[in-house]
Number of protein chains: 2
Amino acid sequence: MEKKDKESSLGITVKKSEDISEWYSEVVIKSELVDYSAVSGCLVFRPYSYAIWEIIVAETDKRLKKLGVQNVYFPLFIPESLLKKEAKHVEGFSPEVAWVTEAGDTKLNERLAIRPTSETIMYDSYAKWIRSWRDLPIKYNQWNNVVRWEFKHPVPLIRTREFLWCEGHTVFATKEEAEKEIFEILHTWEDICTNYLALPYVKGRKSESEKFAGAVATYSLEFLLPNGRAAQGPDAHFDGQNFAKAFDITFLNREGNKEFAWQNTWAITTRMLGIMVLMHGDDKGLILPPKVAPVQVVIVPILFDATREKVLREAHSIAKELGKHVRVKLDDRTEYNPGWKYNEWEMKGVPLRIELGPKDVEHDQAVLVRRDTGKKETIKIASLSKKIEEALEHIHTSLFEKAEKFLYGNIVDVRNFKDLGKAIKDKKMAHALFCGDEDCEAEIKEKTGATSRVIPFDQKPVHEGKCVNCGKDAKFWIYFAKNY
Amino acid sequence: MEKKDKESSLGITVKKSEDISEWYSEVVIKSELVDYSAVSGCLVFRPYSYAIWEIIVAETDKRLKKLGVQNVYFPLFIPESLLKKEAKHVEGFSPEVAWVTEAGDTKLNERLAIRPTSETIMYDSYAKWIRSWRDLPIKYNQWNNVVRWEFKHPVPLIRTREFLWCEGHTVFATKEEAEKEIFEILHTWEDICTNYLALPYVKGRKSESEKFAGAVATYSLEFLLPNGRAAQGPDAHFDGQNFAKAFDITFLNREGNKEFAWQNTWAITTRMLGIMVLMHGDDKGLILPPKVAPVQVVIVPILFDATREKVLREAHSIAKELGKHVRVKLDDRTEYNPGWKYNEWEMKGVPLRIELGPKDVEHDQAVLVRRDTGKKETIKIASLSKKIEEALEHIHTSLFEKAEKFLYGNIVDVRNFKDLGKAIKDKKMAHALFCGDEDCEAEIKEKTGATSRVIPFDQKPVHEGKCVNCGKDAKFWIYFAKNY
């Protein structure tokens with residue numbers, strides 16, 4: 001690849017409203033979140049995206065540990081025979097498994113799958129470890145990399161052949177405990193999405209066609225993106241005793257009788273970074289929600305020869321003070337001018353910028369600029385800390401509210417098939433009555449291009465309503481949208 | 001694998017002094033640090049080992065970030081053509097590369113290596129990103145998994161086909177900056193090994209035969225294990241401009257001239273857990289250095305029906321108070337008796353145990369037991385916090401000193417080949433004068449089974465000394481030992 005001139009290619013050349021795909025590709029590359037790699041469909045997480053991921057990991061991990069989850073690490077490789085133990089599971093994953101067949105000069109006796117997910121390798125161990133009710137519950141999680149060799153067009157962060165995630169695999173003695181955990185986990189995902197990523201969602205249960213390969217029921221948060229397409233976010237699968245039966249995960253209960261265990265699986269992935277970028281960004285680049293921004297406030301001093309020292313001294317003092325409470329960066333590089341720096345930090349979506357010139361220092365003030373609105377305000381340095389704390393809160397709330405307005409402004413209640421077709425064509429998410437039948441769902445996909453997203457927990461009354469497509473008795477309300 | 005009866009197989013059946021290999025295998029499995037997996041040579045990190053690794057990662061990462069290091073994530077896969085770009089590098093790694101050749105039903109056009117280390121995939125990106133002195137230094141690190149398909153007998157944590165590590169890959173404009181960083185990194189490794197793992201070492205530069213494939217010079221900490229074998233610990237490689245030339249990593253200097261960059265590579269791995277177990281453990285199981293122990297203090301209440309509530313209330317109160325400063329666990333399980341619990345926590349190497357019975361509660365006291373010495377002491381509950389803080393410090397120091405005594409008690413200055421041979425046979429580490437010649441080193445290995453470890457930074461005078469093997473002029477003192 002050619003080394004392009006950095007300065008000339010800095011700005012985004014496409015409007016988000018005009019070509020969101022191209023806009024997105026430019027934003028994720030030019031903000032230095034990620035880069036393409038020598039391996040097709042695999043991405044480099046540069047420091048900026050990885051720092052955001054580290055914040056998400058830290059906050060999620062803290063919450064999971066409070067729920068009693070322990071972290072582990074299982075091998076990357078899964079022997080083919082093991083992957084094939086649960087029939088539905090292998091059916092779902094085998095088309096996109098990367099296989100190791102050779103090591104050094106030796107051809108392996110058995111192909112090894114690079115984990116697309118770790119049920120099979122983990123449950124093989126669980127079966128050995130679990131003997132009695134004393135060994136339960138097991139609540140293990142691993143933060144790792146997985147590979148799903150997609151043949152569809154890759155989209156940075158959203159659909160790549162390798163991605164990062166956590167995968168929780170828990171085992172309980174009773175169905176009730178397993179079901180209770182599903183909601184604890186969903187609550188954790190909601191907390192992270194709402195309070196960190198500023199991303200609203202619809203939540204509920206997946207249809208039979210869309211549930212996880214091997215699960216009894218899949219629950220997820222679903223995000224409607226500005227391109228009118230939906231993306232599945234973090235999820236939680238109630239596996240019932242499906243895997244327990246395939247892997248012989250049994251335990252002696254308190255009465256001394258052998259029972260199959262109950263299991264869950266759940267995950268949050270680096271895809272959330274892509275959803276966040278798509279949702280909040282604008283024509284100048286990224287807009288990062290303050291809670292996950294690696295730099296929350298950037299200070300750009302305006303330096304002239306005569307006043308350089310005085311301004312820099314004040315800038316350092318502000319940085320030191322703010323550093324006690326927020327993630328602050330003082331951009332004192334001499335090789336770039338302030339205007340260049342403003343553009344760079346706007347591209348990188350830093351929530352707040354402080355401009356500090358000699359006049360400001362003279363008047364004990366600084367100029368505070370919000371990335372999301374561009375609003376400028378002159379603030380006394382003494383009240384900067386407090387103002388910044390408030391502003392970061394405001395930015396988070398207003399990003400969330402804007403996204404929420406978009407989401408609910410683009411959900412349409414549809415009563416018949418014509419309206420469903422129109423809603424999908426208009427890039428909306430349709431809320432419709434549905435019979436629940438897999439063939440009917442396939443037909444809807446065939447005719448509209450939309451897949452079902454979730455059966456919301458908050459069900460409006462179904463009464464004696466009819467399915468939006470086949471006209472048979474409806475079982476529930478469900479969301480439809482095109483998949484990203 | 002058969003489900004063995006947990007109780008009957010709890011204790012270690014072999015003495016460390018009699019068969020350390022078997023002792024080690026039992027300890028790592030029975031303490032539930034790790035387990036074997038369905039993939040030969042690949043290990044499961046169970047919660048207990050992973051929790052120790054998380055502490056090492058957190059402490060190391062904090063120190064690296066202070067040095068300006070940023071975390072990233074590069075793809076797991078390396079196209080074969082890329083891996084082959086640096087001749088020495090591929091020569092060193094290709095015998096143990098695991099190759100992906102198929103994905104789904106498709107045969108790949110080019111084989112993909114599972115990263116044995118990430119120089120080649122990272123430097124391909126570095127070459128694109130680095131244009132001028134403004135882009136330097138680059139100090140990137142990734143915490144990830146790597147695969148080296150060893151055909152030697154695997155040893156849990158010490159030599160496995162997949163392991164966890166951090167790999168730092170840094171780029172500088174000048175040789176001086178790169179060399180300075182080598183010592184900053186070595187200092188970090190020394191800090192972690194000394195102050196967290198309680199592991200003493202010898203440190204220095206590797207010989208030409210033993211240096212990293214592709215490096216100009218390799219520096220490492222070397223550990224002498226109780227089995228008389230040495231293991232390489234964390235390291236730092238000065239790569240000079242070798243990779244820069246292979247990957248065309250150039251930059252325009254301040255004068256506008258093109259130069260090749262200078263690079264380092266460094267790593268610390270999960271092998272350190274194995275070294276820690278081998279060094280500190282005893283016939284009862286693990287002994288964990290307090291700073292890395294996931295549980296630093298375990299409280300075992302002694303419960304009788306009449307006094308149960310009173311004792312439990314006091315135990316909870318102690319746990320709450322101690323929990324402010326140390327990692328404490330209250331073992332209030334009713335299905336096991338205190339004796340069983342003592343054995344279990346001793347096996348798991350928890351540094352301190354508090355025994356609390358009804359008599360103790362009556363007298364406002366508790367019994368404090370040190371895992372390393374077995375020493376018991378009755379302590380007033382009011383002074384427990386302070387006592388525990390001191391005891392944890394003492395345990396750390398005494399583990400380190402014991403290990404140090406072992407290390408220095410087993411290093412022998414040898415003046416001639418006969419003494420070298422004897423030292424190696426006696427499971428010592430030999431400190432000898434050496435000519436530095438690669439053929440001479442190969443001959444020593446052939447004749448004694450020992451490899452060179454490091455050329456220590458602290459060199460005793462060489463004077464006009466002669467090489468311990470060939471008798472030619474010696475260049476330096478070096479350590480020899482058998483490799484584990």
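Below, chains carry the letters A, B, ... as their sequence lines are ordered, and counting in each starts from 1. Atom set for the values below is all heavy atoms of this structure, side chains included, hydrogens, waters and symmetry mates excluded.
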Salt bridge or not for B:Lys65 and A:Glu54, using N-O below 4.0 Å?
yes
With the side chain counted from C-beta on, respond yes when B:Tyr50 and A:Asn71 share a heavy-atom pair under 4.5 Å apart, and no when they do not.
yes
Under the criterion side chain to side chain contact (heavy atoms under 4.5 Å, CB included), I'd like the reasoning laid out for B:Phe74 against A:Val39: C-alpha separation, chi angles, the key distance, then a yes or no.
CA-CA 10 Å; B:Phe74 276 74; A:Val39 188; over 6 Å; no
Between B:Leu76 and chain A, which part of the residue has a heavy atom less than 4.5 Å away: side chain, backbone, both or neither?
both
Answer yes or no: is there a side-chain heavy-atom contact under 4.5 Å between B:Trp129 and A:Val44?
yes
For a 4.5 angstrom cut-off between non-hydrogen side-chain atoms, does A:Thr106 reach B:Phe151?
yes
Within 6.0 angstrom of A:Asn109 CG, more than 12 heavy atoms from elsewhere
no
Identify which of B:Ile78, B:Asn145, B:Asp124 forms the greatest number of heavy-atom pairs closer than 4.5 Å to chain A.
B:Asn145
Only heavy atoms, only distances under 4.5 angstrom. Which residues in residues 161-171 of chain B are near chain A?
B:Glu162, B:Leu164
Measure distances from B:Phe77 to the heavy atoms of chain A and classify the residue's part below 4.5 Å as side chain, backbone, both or neither.
both
A:Ser132, A:Pro79, A:Ser81: which one forms the most heavy-atom pairs within less than 4.5 Å of chain B?
A:Pro79
Gap separating the OG atom of B:Ser37 from the CD1 atom of A:Ile121, nearest 0.5 angstrom
5.0 Å
Are A:Ile114 and B:Ile114 side-chain neighbours, meaning at least one heavy-atom pair lies under 4.5 Å?
yes
Could you go through residues 95-105 of chain A and list every donor-acceptor pair under 3.5 Å that involves a side-chain atom there, pairing it with any protein atom two or more places apart or in another chain?
from: A:Thr101; atom 1: OG1; to: B:Thr101; atom 2: OG1; distance (Å): 2.6
from: A:Glu102; atom 1: OE1; to: B:Arg111; atom 2: NH1; distance (Å): 2.6

Looking only at B:Pro75, B:Cys42, B:Ser49, B:Ala38, the option with the highest number of non-hydrogen pairs under 4.5 Å against chain A is B:Pro75
Heavy atoms only: give me the nearest B:Tyr336-A:Arg134 pair and the separation to one decimal.
OH-CD, 3.1 Å
For a 4.5 angstrom cut-off between non-hydrogen side-chain atoms, does B:Tyr73 reach A:Val34?
no
